[in-house]
There are 2 protein chains.
Amino acid sequence: MSRPPRHRLDCAPGCTVEATLGLIGGKWKGVVLYLLFEEEVLRFNEFRRRLPNLTQRMLTAQLREMEADGLIDRQVYAQVPPKVEYRLSARGRTLEPVVRALKAWGDAHIPPDSLAPPAAAA
Amino acid sequence: MSRPPRHRLDCAPGCTVEATLGLIGGKWKGVVLYLLFEEEVLRFNEFRRRLPNLTQRMLTAQLREMEADGLIDRQVYAQVPPKVEYRLSARGRTLEPVVRALKAWGDAHIPPDSLAPPAAAA
DNA sequence: CAGGATCCGCTTTGATACTG
DNA sequence: CAGTATCAAAGCGGATCCTG
């Protein structure tokens, strides 16, 4: 077995749809991916700055999973103040059409008022 | 408020990506959608026959959520043996490119051995 | 036939504190 | 800076039984 799927799949016709969702369907993976498409390369705390509501624990977990799934590359610099860079892997980059489709649909069909702003509801 | 989002969103740049995933990201919604793209119209037990591992509870829940999200239409016939038909709504149909992108990517990039067959692993 | 109602457990997500 | 460890809450998914 190469990738022990995180959630059980039972191959109905649309199986690969679920499989793909399993890879990017976390609560944050989509955003992480999206940011990497935009920024090319990001460090741990750069993610945190851009995603204030995302805890370290979650960020680490998501990053680790995506790395394990071969979607992103993690480059560690052996320095005194640690430095780790994240960027899309070749495989990760193939997801661009998918993420773009997701975003395009969302932009066009999601009512803006269902997108709760982080700290602007008063 | 039109759609009280099922999971909290905190609008980072790629927010709508997550929002879209929130609509189709359940464990079964992708398949349900996919089946409706194929079959056009399906009844409750027809879903169940095609998705043996999906419980009524889950099926009902998924169907209800997708209905609440305006993705599918639910047509009830007031008959003695109840009859309910499900089909994609106009809004639901707009998801086709998304689902197809998801499936296309999965078909091309998901290693087949990570797609556990329902009852064929021996 | 098409659900509704309950009960239960796992997984995900989150808040906090600590470390090399 | 870039995590790890622990603890607790919530949500998701499931099994079973019941009903109009």
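On a predicted model such as this, the values are computed, not experimentally measured, just so you know. Order of the sequence lines sets the chain letters (A, B, ...), proteins ahead of strands, with each chain counted from 1.
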Between CD of B/E46 and C1' of C/dG3 the distance, given in whole Å, is 16 Å

Report the distance from atom CZ of B/R48 to atom P of C/dC1, rounded to the nearest whole Å.
-> 10 Å

In whole angstroms, the gap separating P of C/dA2 from CD of B/Q62 amounts to 18 Å

Is there a donor-acceptor contact under 3.5 Å from the side chain of A/E46 to the main chain of A/R43?
-> yes

Among D/dG14, D/dA2, C/dA2, which nucleotide sits nearest the side chain of A/N45?
-> D/dA2

Identify whether any heavy atom of A/Y77 sits under 4.0 Å from a base atom; if not, whether one sits that close to sugar-phosphate; answer base, sugar-phosphate or nothing.
-> nothing

Choose from D/dT4, D/dG13, C/dC1 the nucleotide whose nearest atom is closest to any side-chain atom of B/P82.
-> C/dC1

Ignoring the backbone of A/F44, work out which of C/dT13, D/dG3, C/dA2 is nearest its side chain.
-> D/dG3

B/V80 or A/R57, whichever maps to the more 5' nucleotide of DNA chain C = B/V80

Across the strands shown, which category fits B/F47 at heavy-atom distances under 4.0 angstrom: base, sugar-phosphate, nothing?
-> nothing

So what does A/E85 hit on the nucleic acid, given a heavy-atom distance under 4.0 Å: a base, only sugar-phosphate, or nothing?
-> nothing

State which of D/dG3, C/dC1, D/dG14 makes the closest approach to the side chain of A/Y86.
-> D/dG3

Between C/dT13, C/dA2, D/dG3, which one does the side chain of A/K27 approach most closely?
-> C/dT13

Expressed in angstrom and rounded to an integer, what is the separation of A/L59 atom CG from D/dG3 atom C1'?
-> 10 Å

Could you give the distance from CE (A/M66) to CH2 (A/W28), rounded to the nearest 0.5 Å?
-> 13.5 Å

Regarding the side chain of B/R64, the nearest nucleotide among C/dA2, C/dG4, D/dG3 is C/dG4

Side-chain ion pair, A/E18 and B/K29, N-O less than 4.0 Å | no

Let me know the distance between CE of A/M58 and C1' of D/dG11, rounded to the nearest Å.
-> 13 Å

How long is the line joining CE of A/M66 and C1' of C/dT12, in whole Å?
-> 17 Å

Rounded to the nearest Å, what distance is computed from the CZ atom of residue B/R49 to the C1' atom of nucleotide C/dC1?
-> 10 Å

Taking only the side-chain heavy atoms of B/W28 (C-beta and beyond), determine which of D/dG14, C/dT13, D/dC17 contains the nearest atom.
-> D/dG14

Salt bridge (charged side-chain N to carboxylate O under 4.0 Å, His left out) between B/E85 and B/R87: does it pass, once the steps are laid out?
-> CA-CA 7 Å; B/E85 290 180 344; B/R87 66 197 74 207; 2.3 Å; yes

A/F47 vs A/Y86 aromatic rings, parallel, tilted or perpendicular, using cut-offs 30° and 60°?
-> perpendicular

For the side chain of A/T55, starting at C-beta, report the closest nucleotide among C/dA15, D/dG13, C/dG3.
-> C/dA15

Would you say B/Q79 reaches C/dA2's phosphate, i.e. side-chain N/O to OP1/OP2 under 4.0 Å?
-> no

Do the side-chain N and O atoms of B/D107 and A/T16 include a donor-acceptor pair separated by under 3.5 angstrom?
-> yes

Minimum-distance nucleotide (side-chain atoms of B/T60 versus C/dT16, D/dC1, C/dG4) = C/dG4

Taking atom P of C/dG3 as reference, at what distance in whole Å does atom CG of B/L42 sit?
-> 13 Å

